[in-house]
Amino acid sequence: LCAGLPPMALVAWARLGRRGGRPLRDAMRFSTPAAGLNTIIGVVVYAAVYAAILTQVVDISVSAEQVASLESFVGFEFQSADQAQNETAAIVARSVLTPLLIFFGLALILFVKPPARFFALRDEVGPAWQPVGLVAAMLAILAVCLAIPRLRELIGLVLLPLWVYGVLLGITAVWALLFRLMVRRRWVERYFNLSVSEGELPEPEAA
C-alpha cells in the first residue's frame, strides 16, 4: 500500500526538468525525519499496546483460528496461558502498528505531491485530485483487507474497534505536524551540518 503502486504513480506524475542541489542531501532532508519519526513513534505505540494487552488494561479478542495459525507458523503449541497471552499481545500490537505505518506512508505521499499549502515543503502545490485520490484508494484497499476475514487472517491482523483507528489517525496528524516542522526548520541540515543553498527551501515560519 505504500511501496507498490504509490511510487509508480509519483514517478508517472513527476515533471521532467532541471533540478539543482545534491540528490543524496535532498533525500536525507526528506527521508531522515520520516524514518526517525516512524521508528520512534512506532516503537512507542507497539510497546504501549503490547503492555496494555498483556496487563489486560485493554481487551481485544483474537480468534482461536489466528492463535492456531500462529502456533502452526512457529511450530509448537503454547504450553501456558502466559505464553498464549504474550502471543495474543504481539498479534494485537502488530495489528495496531501495521495500519499506523501505512497511514504514515500515505501521509508522506501528500508531502511528496502536495495537494494543499500545508503539505508544501517548498512553494509548489499541485493538482489536489491526484495525491488525494491515490491515498483514498490505498485506504479503501486497506479497509477491504481488514473487513474480509480471510484477507485479514492472511496478513495476520485482527480487526480493531473503530475508535482505535480514530486514535491512529490522530497520531498520524501529530506525525504530519512533526514531520513538517522538522523539514521546514531544517533539523537534518543542522544535525549533519549540511550546507543549504539559498532558495532551496522557504525560510522557517515564525513560531
Side-chain angles (χ1 to χ4, degrees), residues 1-4 6 30-111 118-119 135-183 187-188:
L1 294 177
C2 296
F30 200 82
S31 61
T32 303
L37 287 173
N38 285 7
T39 301
I40 296 171
I41 297 178
V43 168
V44 170
V45 169
Y46 186 94
V49 173
Y50 189 95
I53 298 299
L54 201 61
T55 57
Q56 298 182 340
V57 172
V58 177
D59 184 21
I60 296 178
S61 61
V62 175
S63 68
E65 290 78 8
Q66 284 185 300
V67 174
S69 176
L70 182 61
E71 289 177 337
S72 175
F73 177 75
V74 298
F76 61 86
E77 294 183 0
F78 302 136
Q79 302 299 321
S80 66
D82 288 342
Q83 190 178 35
Q85 185 69 15
N86 282 332
E87 299 305 327
T88 298
I91 292 174
V92 175
R94 184 173 68 242
S95 299
V96 170
L97 182 62
T98 299
L100 180 62
L101 292 179
I102 290 174
F103 292 162
F104 289 171
L106 296 180
L108 194 60
I109 292 174
L110 300 180
F111 284 103
F118 173 82
F119 298 101
V135 169
M138 296 299 101
L139 288 175
I141 293 174
L142 175 61
V144 169
C145 291
L146 293 175
I148 300 177
R150 287 296 183 183
L151 290 178
R152 194 167 62 239
E153 292 177 6
L154 181 65
I155 55 180
L157 304 179
V158 296
L159 187 62
L160 305 170
L162 286 178
W163 66 266
V164 175
Y165 296 107
V167 171
L168 297 183
L169 289 174
I171 295 174
T172 304
V174 174
W175 179 96
L177 289 170
L178 291 174
F179 176 79
R180 183 175 186 271
L181 177 66
M182 291 175 70
V183 175
W187 289 5
V188 173

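Given the structure is predicted, the values throughout are model-derived calculations rather than measurements.
Distance CD1/Ile40 to CG/Leu178: 9.5 Å, rounded to 0.5 Å. Note that the CD1 atom of Ile148 and the CG atom of Leu159 stand 12.0 Å from one another [nearest 0.5 Å]. Summarising the geometry, atom CG belonging to Leu146 is positioned 12.0 Å from atom CD1 belonging to Ile141; distances are rounded to the nearest 0.5 Å. Within the model, atoms CG of Leu142 and CG of Leu1 stand 6.0 Å from one another, a figure rounded to the nearest 0.5 Å. For the atom pair Trp175 CH2 and Leu169 CG, the distance stands at 13.5 Å (nearest 0.5 Å). Atom CH2 of Trp163 sits about 9.0 Å away from atom CG of Leu168, to the nearest 0.5 Å.
Between Leu160 and Ser95, the shortest heavy-atom contact is CD1-O, 3.5 Å. Considering every non-hydrogen atom in both Leu157 and Arg94, the closest pair reads CD2-O, 3.8 Å. Across Ala90 and Tyr50, no two heavy atoms sit closer than the pair N-CE1, 3.6 Å. Heavy-atom minimum distance, Pro99 versus Tyr165: CG-CE2, 4.3 Å. Contact between Tyr46 and Ala93 at its shortest, heavy atoms only, is CE1-CB, 3.4 Å. The minimum heavy-atom distance between Thr172 and Ala107, with the atom names listed, is CG2-CB, 4.1 Å.
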| query | Yes or no on side-chain contact (heavy atoms from CB on, under 4.5 Å) for Val167 and Val164, after CA distance, side-chain angles and deciding distance? | reply | CA-CA 5 Å; Val167 171; Val164 175; 5.6 Å; no
| Verdict with supporting geometry, Val45 and Val49, side-chain contact (heavy atoms from CB on, under 4.5 Å) | CA-CA 6 Å; Val45 169; Val49 173; 4.3 Å; yes
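Ring geometry for Phe118 against Phe111 counts as tilted: the plane angle lies between 30° and 60°, on a 0 to 90° scale.
Using a 4.5 Å heavy-atom cutoff, the side chains of Leu108 and Phe179 are in contact. Contact annotation: the side chain of Leu106 approaches that of Ile102 to within less than 4.5 Å [non-hydrogen atoms, C-beta and beyond].
Between the side chain of Arg152 and the backbone N or O of Val158 there is no donor-acceptor pair closer than 3.5 Å.
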